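Following: one structure in structure tokens, then a few remarks.
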Amino acid sequence: MIIEVLKSKIHRVSVTDANLNYVGSITIDEDLMDAANIIEFEKVSVVNNNNGERFETYVIKGERGSGVICTNGAAARKVQPGDILIIMSFAQMDFEEAKKFKPTIIHPDTKTNLLVK
């Protein structure tokens, strides 16, 4: 049996920008992507803690070390700069493999979106 499990999670980052006039996606600081084991164009689920909105999109690389979290296109209507998001990706795997799998979860500083060392 194949099941879907949490693979990566960026827990509580602040939206830095919302760009309605872009084709879509969410721009994420490349340092956060690396730390969370998320790659460019990977599908993610996004939860907005401020208003309860949920949506799916794909990731594009943001400037490394910038702390950028920018929703683009239609997703820009679901957030405001300063909103707190949780960004998650999932993976499909065999049930027995999934029992042993541990997701990568990071907790950046919510004011700067930079990794806490």
Side-chain angles (χ1 to χ4, degrees):
M1 170 178 23
I2 301 294
I3 65 170
E4 195 166 350
V5 298
L6 179 68
K7 179 188 82 66
S8 303
K9 180 177 177 183
I10 302 174
H11 189 76
R12 297 184 55 84
V13 287
S14 299
V15 174
T16 58
D17 196 11
N19 182 357
L20 185 60
N21 297 312
Y22 190 82
V23 291
S25 70
I26 186 168
T27 305
I28 301 175
D29 178 325
E30 195 171 359
D31 283 342
L32 297 177
M33 290 173 58
D34 290 348
N37 195 29
I38 293 174
I39 61 171
E40 189 167 35
F41 306 116
E42 185 170 350
K43 178 181 175 179
V44 290
S45 294
V46 181
V47 177
N48 185 332
N49 282 5
N50 291 72
N51 63 18
E53 288 282 359
R54 294 173 173 261
F55 57 93
E56 292 181 334
T57 190
Y58 63 93
V59 174
I60 59 174
K61 288 180 190 176
E63 182 181 346
R64 189 175 290 282
S66 67
V68 66
I69 300 292
C70 178
T71 56
N72 302 300
R77 294 216 182 264
K78 297 185 175 284
V79 305
Q80 295 292 316
D83 284 358
I84 302 296
L85 305 182
I86 297 171
I87 303 167
M88 301 166 284
S89 71
F90 297 85
Q92 294 181 348
M93 60 187 71
D94 175 77
F95 184 75
E96 292 303 318
E97 180 184 6
K99 285 197 235 179
K100 300 173 196 146
F101 181 78
K102 300 292 181 221
T104 302
I105 300 172
I106 64 168
H107 298 84
D109 180 289
T110 55
K111 288 184 176 64
T112 64
N113 292 338
L114 300 178
L115 295 170
V116 179
K117 304 218 181 202

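Quick caveat: nothing in here was measured; it's all calculated off a predicted structure. The analysis underlying the following values was restricted to heavy atoms, covering all of them including side chains, and did not include hydrogens, waters or symmetry mates.
Thr27 and Asn72 share a donor-acceptor pair across their side chains, judged by distance under 3.5 Å alone. No side-chain N or O of Ser8 forms a donor-acceptor pair with one of Asn37 less than 3.5 Å apart.
The closest side-chain heavy-atom distance from Glu40 to Met33 is below 4.5 Å. A heavy-atom distance below 4.5 Å is not found between the side chains of Phe101 and Asp94. Side-chain contact between Asp31 and Leu114 is absent, with no heavy-atom pair separated by less than 4.5 Å. Residues Ile26 and Val46 form a side-chain contact, since some pair of their non-hydrogen atoms from C-beta on lies under 4.5 Å apart. Under the 4.5 Å side-chain criterion, counting only non-hydrogen atoms from C-beta, Val15 is not in contact with Cys70. Side-chain atoms of Lys43 and Glu56, non-hydrogen and from C-beta on, do get closer than 4.5 Å to each other. Put simply, the side chain of Val59 does not reach to within 4.5 Å of the side chain of Ser25, judged on heavy atoms.
Val23 and Phe41 fall within a single hydrophobic cluster, where Ile, Leu, Val, Met, Phe, Trp and Tyr side chains are chained together by heavy-atom contacts under 4.5 Å.
Of all heavy-atom pairs spanning Lys9 and Ala36, the tightest one is O-CB, 4.4 Å. Among all heavy-atom pairs drawn from Leu115 and Ile106, the shortest one is CD2-CD1, 3.9 Å. The two residues Ser89 and Glu42 come nearest to each other via the heavy atoms OG-OE2, 2.9 Å. Minimum heavy-atom separation, Pro81 to Ala18: CG-N, 4.5 Å.
Other members of the hydrophobic cluster containing Phe90, listed by chain and number, are Leu6, Val47, Ile86, Met88, Ile105; membership follows side-chain contacts under 4.5 Å among ILVMFWY residues, whether direct or relayed. Val116 belongs to no hydrophobic cluster, as no Ile, Leu, Val, Met, Phe, Trp or Tyr side chain comes under 4.5 Å of its own.
Each of Ile10, Val44, Ile60, Val68 was evaluated against Ile28; a single residue qualifies, Ile10, per the side-chain contact (heavy atoms from CB on, under 4.5 Å) test.
Atom CD of Glu53 and atom OG1 of Thr71 lie 11.0 Å apart (nearest 0.5 Å). Of the inter-residue distances, the one linking Lys61 atom NZ with Ile38 atom CD1 reads 13.5 Å to the nearest 0.5 angstrom. The structure places CE of Met93 at 9.0 Å from NZ of Lys7, a figure rounded to the nearest 0.5 Å. We find the CG-CG distance between Asp34 and Asp29 to be 9.0 Å, quoted to the nearest 0.5 Å. The OG atom of Ser14 lies 3.5 Å from the CD1 atom of Ile84; values are rounded to the nearest 0.5 Å. Distance NE2/His11 to NE2/His107: 5.0 Å, rounded to 0.5 Å.
Side-chain atoms of Asn51 come within 3.5 Å of backbone N or O of Lys78 as a donor-acceptor pair.
By the 6.0 Å contact criterion, CZ on Arg64 is enclosed, its count of non-hydrogen atoms from other residues, nucleotides or ligands being greater than 12.
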CA sep, side-chain torsions, deciding dist, call: Asn113, Thr16, side-chain hydrogen bond (donor to acceptor under 3.5 Å, both in side chains): CA-CA 9 Å; Asn113 292 338; Thr16 58; 5.4 Å; no
